[in-house]
Amino acid sequence: MEIRNIAIIAHVDHGKTKLTDALLRQTGMVAEGFSMDSNALEQERGITIYSKNASLFYKDTKINIVDTPGHADFGSEVERVLRSIDDVILVVDAQEGPMPQTCFVLKKSLELGLKPIVVINKIDKPAADPHRAEEEVLELFMDLGASDEQLNFTAVYAVGRDGIAKLKLEDESKDITPLLDTILAKIPPAETHTNIPFRAQPFNLAYDNYLGRLAICRVYEGKIKAGDNVIVKKLDTADYTGKVAKIFTFRGLEREEVNEAIAGDIVIISGIPNIYIGETICVDVSSEPLPAISVDEPTIALNFMVNDSPFGGREGKYVTSRQIRERLERELEVNVGLKVDFSGGDRFKVLGRGELHISILLENMRRENYELSVSQPQVIVKEIHGVKVEPFEEVTIDIPADYQGAVIERLGNRGAVMMNLKPTGHGNTVRLVFDGPTRGLLGYRNQFIVDTRGEGIMSSRVLGFRPFVGEIKKTAYGSMISMMTGKVLAYALDNLQTRGTLYVSPGTEVYEGQVIGNTSKGEEMAVNPIKGKQLTNMRAAGTDDNVMLAPPFILSIERGLEVMAEDEYLEVTPQSVRLRKSILTETERNRNKRTTFKPGV
């Protein structure tokens, strides 16, 4: 049986998971209504977070499919996957056309010499323009230096949600068969050299409570059986030995245990506890290691700490530094875009690819009943050849033209430079492209939603490290800090809401040092949110006025990471997200300011 190994790549929300679901459903691999995005967070947010493997059988051919994340923060998943497959299907929205992550994943594919099949998806949208989207993809291929062979790509038109594909727009189609036939015609079969010594390379990791660390591998040469001894090789480090405990292949989305893995297939190998992505698993000492798989460096860092607030330990089950450390160590087993420095005692420095990357980890931890505090995210600044550098991003924004002035001004103040401005061809909408330091973009998303009245689309991709641009002045939020502990009263909030935005509602318990809102003028303000109305026997004008409160700005993990100040911690518990000052009492904060104040600076 021939084997084809493909990855489906796209920008976030361009429909690659729906397309994969249709392929699996119409070949009988999964039941109706099933989705590859099986994780609770993926279903809530409507995005793919973790790359997943599946396989289907069509015309005596096994097709291994890897569904990849579309968000830039999870780009490290895509980079690894592309090394292990034979070709890619690039999915592009017929209305939006190529977006930043489209460019990122396509660039990686072309560098590896792959010849993508382009699927113009969502052709049923009212504003869809498949021909324009295809032309923009061709332009992108040219901009990225594609070869003549790569430029001659095959385009398939699809509605992934309905499971329909066609080779020409005017064709009649009722199923996804044209795409399956294109895969068989255009993607070469995987090489099956089974008569030479075994070599395989892990491109992803998984974890099983009974089997331990699992290596998801592409088998390049030879074959291996369960129980065989193997040698693990890595460039610049000593070899070590291991033994294969169990081997699994994919059938649909299910793992199927087999006795033997052969060249060309994608398999799961258990029994090698220290295996890592990019290492070479072989049986012959003289076998050369396969080229290493590189993963892009993290761009932001923050500290994970024990939650030592007055409300600490009320909601969480796992609250100690030892339990937090063990959870982070488990995360490192499978999350290779993450790095953790455990040398800081009970503070763990966590390095990630972006705010979403970190917030997904925190959200998973709180759902597992962990309770912790985190510091403000800071961009990683380092020196390369004596030059101070920082991460830069390309930001692409689609907005109504009425809001472009506000967006250009905000991003200009944050150190971003506009590289392009053009109409999208959809009504009054324009597309702006900026290059700017990640440091300036941290905390901007919420402001962007306000500036565009929720009508804008913003996405970004990391460009790499560039020379440090100096000080960036962001919009300063002052903190409204509670000076008392107790339950918040509506009477107090009625007076405070004119001073800024509130994070709490009446009846919420607060403690001294908790940040209950931000101030419009950017100054810190200590307030008493539990102050009640003084009762009196005398009637007065306005005594019986109703208290009318604006809805509070509910803090989520992402919002908290955006608005928090450098001297604040974000408290994450199973039921609550709170902001607090690192030093809770006002007296201690003032004393600390005096001791750290440097005259003339």
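It should be emphasised that the depicted structure is a prediction, and the values quoted were computed from it without experimental measurement. Both backbone and side-chain heavy atoms feed into the values below; hydrogens, waters and symmetry mates do not.
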Output the distance between atom [atom1] ([X]) and atom [atom2] ([Y]), rounded to the nearest 0.5 Å.
X: Leu23; Y: Ser55; atom1: CG; atom2: OG; value: 12.0 Å
X: His131; Y: Ile123; atom1: NE2; atom2: CD1; value: 10.0 Å
X: Ile6; Y: Thr20; atom1: CD1; atom2: OG1; value: 8.0 Å
X: Lys62; Y: Ile3; atom1: NZ; atom2: CD1; value: 6.0 Å
X: Lys18; Y: Arg25; atom1: NZ; atom2: CZ; value: 8.5 Å
X: Asn204; Y: Cys217; atom1: CG; atom2: SG; value: 10.0 Å

If you take all heavy atoms of [X] and [Y], which pair is closest and at what distance?
X: Pro377; Y: Leu442; answer: O-CD1, 4.1 Å
X: Val88; Y: Ser109; answer: CG2-OG, 3.9 Å
X: Gly456; Y: Ile399; answer: CA-CG2, 3.6 Å
X: Tyr220; Y: Leu290; answer: CD1-CD1, 3.6 Å
X: Gly352; Y: Leu338; answer: CA-CD1, 4.4 Å
X: Leu205; Y: Ala215; answer: CD2-CA, 4.4 Å

Spell out, as yes or no, whether a donor-acceptor pair under 3.5 Å connects the side chain of [X] to the backbone of [Y].
X: Asp171; Y: Lys168; answer: yes
X: Glu221; Y: Ala200; answer: no
X: Glu96; Y: Asp93; answer: no
X: Gln26; Y: Gly163; answer: yes
X: Tyr240; Y: Asn274; answer: yes
X: Thr299; Y: Arg353; answer: yes
X: Glu136; Y: Gly97; answer: no

Are [X] and [Y] close enough that some pair of their side-chain heavy atoms sits under 4.5 Å apart?
X: Val379; Y: Pro391; value: yes
X: Arg431; Y: Leu421; value: no
X: Thr61; Y: Arg4; value: yes
X: Ile187; Y: Ile63; value: no
X: Ile89; Y: Ile183; value: yes
X: Asp228; Y: Val283; value: no
X: Leu351; Y: Ile380; value: yes
X: Val92; Y: Asn121; value: no

Side chains of [X] and [Y]: donor-acceptor distance under 3.5 Å anywhere?
X: Gln201; Y: Thr280; answer: no
X: Asn64; Y: Asp265; answer: yes
X: Glu134; Y: Tyr157; answer: yes

Tabulate below the donor-acceptor pairs under 3.5 Å that side-chain atoms of residues 243-251 make, not counting sequence neighbours, or state none.
none

Answer yes or no: does atom [atom1] of [X] have more than 12 heavy-atom neighbours from other residues, nucleotides or ligands under 6.0 Å?
X: Lys186; atom1: NZ; value: no
X: Lys223; atom1: NZ; value: no
X: Asn229; atom1: CG; value: yes
X: Glu170; atom1: CD; value: yes
X: Asn259; atom1: CG; value: no
X: Glu191; atom1: CD; value: no

Inspect the contact between [Y] and [X] and indicate whether a charged nitrogen and a carboxylate oxygen are less than 4.0 angstrom apart.
X: Arg161; Y: Asp124; result: yes
X: Glu368; Y: Arg327; result: yes
X: Lys115; Y: Glu149; result: yes
X: Arg218; Y: Asp86; result: yes
X: Asp435; Y: Arg466; result: yes

(request) Flag the pair Phe392 / Phe465 as yes when their ring centroid distance falls below 6.0 Å, and as no otherwise. (result)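 Phe392 vs Phe465: aromatic centres not under 6.0 Å.
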(request) Might you work through the side-chain contact (heavy atoms from CB on, under 4.5 Å) test for Ile176 and Leu19, ending with a clear yes or no? (result) CA-CA 9 Å; Ile176 207 81; Leu19 195 68; 3.9 Å; yes
(request) Applying side chain to side chain donor-acceptor pair (under 3.5 Å), name anything that partners Arg213, two or more places apart in sequence or on another chain. (result)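 By the side chain to side chain donor-acceptor pair (under 3.5 Å) rule, Arg213 matches Glu333.
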(request) Given side-chain contact (heavy atoms from CB on, under 4.5 Å), test Leu180 with Asp175 step by step and report yes or no. (result) CA-CA 10 Å; Leu180 287 165; Asp175 56 26; over 6 Å; no
(message) Just to verify, what does Lys382 make a salt bridge (charged side-chain N to carboxylate O under 4.0 Å, His left out) with, not counting sequence neighbours?
(response)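 Result, salt bridge (charged side-chain N to carboxylate O under 4.0 Å, His left out) vs Lys382: none returned.
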(message) Checking Glu390 now: which residues fulfil salt bridge (charged side-chain N to carboxylate O under 4.0 Å, His left out) with it, not counting sequence neighbours?
(response)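 With neighbours one apart ignored, the set is Arg439.
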(message) Suppose we screen for ring pair (Phe, Tyr, Trp, His ring centres under 6.0 Å). Which residues come up paired with Tyr58, at least two apart in sequence or across chains?
(response)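 None.
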(request) Name all residues meeting the side chain to side chain contact (heavy atoms under 4.5 Å, CB included) criterion together with Glu288; count only those two or more places apart in sequence or in a different chain, and write none if there are none. (result)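 Glu288 satisfies side chain to side chain contact (heavy atoms under 4.5 Å, CB included) with Arg199 once adjacent residues are dropped.
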(message) Run Val232 and Tyr276 through side-chain contact (heavy atoms from CB on, under 4.5 Å) and show every step you take.
(response) CA-CA 10 Å; Val232 181; Tyr276 194 70; over 6 Å; no
(message) Can you see whether Tyr370 has Arg366 sitting over its ring - NZ or CZ less than 6.0 Å from the centre and within 45° of the normal?
(response)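 Cation-pi check for Arg366 and Tyr370: fails.
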(request) Quick one: do Leu214 and Arg255 satisfy side-chain contact (heavy atoms from CB on, under 4.5 Å)? Show the steps, please. (result) CA-CA 12 Å; Leu214 305 174; Arg255 293 195 316 220; 3.4 Å; yes
